[in-house]
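Okay, structure first, notes after.
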Amino acid sequence: MLARIKEFLGMETKPETKEVASEEEVEKVAEEKPKPRIGYIHLSGCTGDVMSLSENYDILAPLLTEMVDIVYGTTLVDRWDIPEMDIALIEGSVCLQDEHSLKELKEVREKAGLVVAFGSCAATGCFTRYSRGGQQAQPAHESFVPIADVVKVDLAMPGCPPSPEIIAKTVVAAINGDMDYLQPMMDLVGYTEACGCDLQLKVVNQALCIGCGTCAMACQTRALDMTEGRPELNSDRCVKCGICYIQCPRSWWPMERIKQDTGL
Amino acid sequence: MVLGTYKEALSARSTDKQIQKISQDGGIVTALLSFALDEKIIDGAVVAGPGEDMWKPVPKVAMTSDEILAAAGTKYTLSPNVWTLKEAVRQYGLEKVGTVAIPCQTMGIRKMQSYPFGVRFVADKIALIVGIYCMENFPFESLRTFISEKMGVSPELVEKMDIGKGKFWVHTADETLSIPLKETHGYEQNGCNVCLDYVAELADLSTGSVGSPDGWSTVLTRTDAGDSIFKQAVEAGLIETKPMADVKPGLGLLEKLAKEKKEKNQKTIDDRIAIGLPVPYKASTEKEDPLANY
């Protein structure tokens, strides 16, 4: 099973120098470990993040049946009370005027081992940052904030939505306790005030931009153009997901992981 | 290891007379991308294609050998090729994309492959990254300014630009001009000064003129994919090679320049850290190998 997932994720591109035995061991350990209990909590988001999760067609069925136990989640599990769980995937920002959301979020924090801000709405507020209230059906719902503003978050997985691959990679890393892979997600917990203008502020203004175009490629709403070798933001299109700055090779640099993945 | 991990170092050039005529040095990038396209190893390639202004390239999805050929030759300015990779996958529907990338672009692509936070189903479509050696880059206005003002020639008249023997060269139909490279340093983009990668250490294979005689390129094959494509092109007779030991100035010069770039830029990184400016790399005191690319 683990081998299948690894193959899907392209994790076996390099020739392994270690003997096959060690790999079998990893697989054995993975199979012997109790299945992690995962809960999915839906706050103020569009459900796009969990749809992206389900795009992992090749591994979804075995992942759900053999590798994890889904213990809580609207439409996924017929259960009203929040059980104890190992990992809580929280989609959506939290509305400060919505007492039910606040209560659910706080309760999940108490019952979950790891709280994951799943998708940019939970991680940075994303599109809901533009809310000013006065809309139907809840005109009083005005203030939407990243969940880390209200509870302690362990991992952030931004993206609008996060790609199917990063979701699969993160779940597998969490199951295997691969903390090295998860380190950037722990670091990103603090990145709650995201904006396409971060490229100008934190990269161009800091003499770090090299005009490679990764930010404009990564932008999920085509809010970025490259002009004279620099990113140019159309702020009308920016949803404040933070992906451009997160994918920039000059924001953080995971050399060790890249060397492992490429075998270089 | 100042040249990164590589399998083989060779001096090489394209055997195609047409490529030899218009390419920068050995025509390796053009020959390899065309070969990969013909052999269906890739379905298309993102290249620095011709734009509206002479010498100001725009990233382009090349679907034929002719389009790859049209992008041959070095343009000493920014072409954000990584930007266009997604277009190649989405709009062009390519399953196997090739590209030519300078070291920083290779780093952007590799980071996206290891951590594709917001990039859906592009990482697995990158089939070939041909890396090119790069000491620094110039914004287009910088390039235009020192060519027209310092060298006194209009960029439209320039037929070829080149860097070699410590000078920046410009060839027009009837003259060859040069200025010492140190006179161009003030025109570089500043972001290049913290870069620790001269030879595209994370590409599938890397190439550039340094180390080989005129008309030839030095090739470093790195990944299995890069090594295999290069060997196939050699076997098909599209690329000829010589051992590095047999050519002048040889691999020593490439190592020397790579080391110089790393040492100079690690110092810039250390200086930035000392005054509290952000930089994604470590201070030399925190690194096991002070010349490593992190």
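Computed from a prediction, not measured in an experiment: that's the story for all the values here. Letters go in sequence order (proteins before strands), and every chain restarts at 1.
Checking side-chain atoms of A:Thr170 against main-chain N and O of A:Ile166 turns up a donor-acceptor pair under 3.5 Å. When atom types are taken as modelled, the side chain of B:Lys125 and the backbone of B:Leu94 share no donor-acceptor pair closer than 3.5 angstrom. No donor-acceptor pair under 3.5 Å is formed between the side chain of B:Thr84 and the backbone N or O of B:Glu87. Although no hydrogens or angles enter the test, the distance criterion places a donor-acceptor pair under 3.5 Å between the side chain of B:Lys75 and the main chain of B:Ala48. Proximity of a side-chain donor or acceptor of B:Glu255 to a complementary backbone N or O of B:Leu3 within less than 3.5 Å is not detected. For B:Asp197 (side chain) and B:Val199 (main-chain N/O), a donor-acceptor pair under 3.5 Å exists by modelled atom type. A distance-only check finds a donor-acceptor pair linking the side chain of B:Arg222 to the backbone of B:Ala200 [under 3.5 Å].
The distance between the ring centers of A:Tyr130 and A:Phe144 does not fall below 6.0 angstrom.
In this structure, chain A has a heavy atom under 4.5 Å from the side chain of B:Lys56, while its backbone stays farther away. Residue contact with chain A, scored on non-hydrogen atoms closer than 4.5 Å, is absent for B:Ala88. Interface residue B:Tyr281: only side-chain heavy atoms are found under 4.5 Å from chain A. With a threshold of 4.5 angstrom between heavy atoms, A:Ala173 does not approach chain B through any atom at all. When heavy atoms are compared at a cutoff of 4.5 Å, A:Cys209 approaches chain B solely by way of its backbone atoms N, CA, C and O.
Residues from residues 116-128 of chain A never place a non-hydrogen atom less than 4.5 Å from a non-hydrogen atom of chain B. By a heavy-atom distance cut of under 4.5 Å, A:Met185, A:Leu188 are the residues of residues 185-200 of chain A near chain B, going up by number. Residue-level contacts of residues 240-256 of chain A with chain B, in order of numbering, are A:Ile243, A:Ile246, A:Gln247, A:Cys248, A:Pro249, A:Arg250, A:Ser251, A:Trp252, A:Trp253, A:Pro254, A:Met255; threshold 4.5 Å between heavy atoms. Against chain A, the residues from residues 187-195 of chain B that qualify, each with a non-hydrogen atom under 4.5 angstrom away, are B:Gln189, B:Asn190, B:Gly191, B:Cys192, B:Val194, B:Cys195 in number order.
A salt bridge links B:Lys7 to B:Asp224: one of the charged nitrogens lies within less than 4.0 Å of a carboxylate oxygen. A salt bridge links B:Lys231 with B:Glu8: the distance from a Lys NZ or Arg NE/NH1/NH2 to an Asp or Glu carboxylate oxygen falls below 4.0 Å.
No donor-acceptor contact under 3.5 angstrom links the side chains of A:Thr262 and B:Arg110, judged on distance only. For the residue pair B:Ser79/B:Asn81, the side-chain donor-acceptor check at 3.5 Å is satisfied. Residues B:Gln91 and B:Lys86 bring no donor and acceptor atom of their side chains to less than 3.5 Å of each other.
Contact tally against chain B (heavy-atom pairs below 4.5 Å) for A:Ala207, A:Cys219, A:Gly211: the top residue is A:Ala207. With respect to chain B, the highest number of heavy-atom pairs below 4.5 Å among A:Ser52, A:Gly213, A:Pro184, A:Pro161 belongs to A:Gly213. Interface check for chain A: of the options B:Asp204, B:Leu202, B:Leu277, the most heavy-atom pairs under 4.5 Å are formed by B:Leu202. Heavy-atom pairs under 4.5 Å with chain A peak, among B:Ala292, B:Pro278, B:Pro139, at B:Pro278. Chain A forms more heavy-atom pairs under 4.5 Å with one residue of B:Gln113, B:Met112, B:Arg272 than with any other, namely B:Arg272.
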Residues A:Asp154, A:Lys152; criterion salt bridge (charged side-chain N to carboxylate O under 4.0 Å, His left out); working and verdict: CA-CA 7 Å; A:Asp154 301 298; A:Lys152 182 182 165 286; 2.7 Å; yes
Salt bridge (charged side-chain N to carboxylate O under 4.0 Å, His left out) between B:Glu156 and B:Arg144, intermediate numbers included: CA-CA 10 Å; B:Glu156 289 79 39; B:Arg144 201 177 63 81; over 6 Å; no
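A 6.0 Å sphere centred on NZ of B:Lys267 holds no more than 12 heavy atoms belonging to other residues, nucleotides or ligands.
Exactly one residue among A:Lys169, A:Gln183, A:Arg257 makes a side chain to side chain donor-acceptor pair (under 3.5 Å) with A:Asp178. That residue is A:Arg257.
Under the 30°/60° scheme for interplanar angles, the aromatic rings of A:Tyr40 and A:His42 are found to stand perpendicular.
In terms of heavy-atom proximity, A:Gly159 sits nearest to A:Asp49 at O-OD1, 3.9 Å. Of all heavy-atom pairs between B:Gly51 and B:Val58, the closest is CA-CG2, 3.8 Å.
With a 6.0 Å cutoff to the six-membered ring centre and a 45° limit on the axis angle, B:Lys262 does not count as a cation-pi contact of B:Tyr198.
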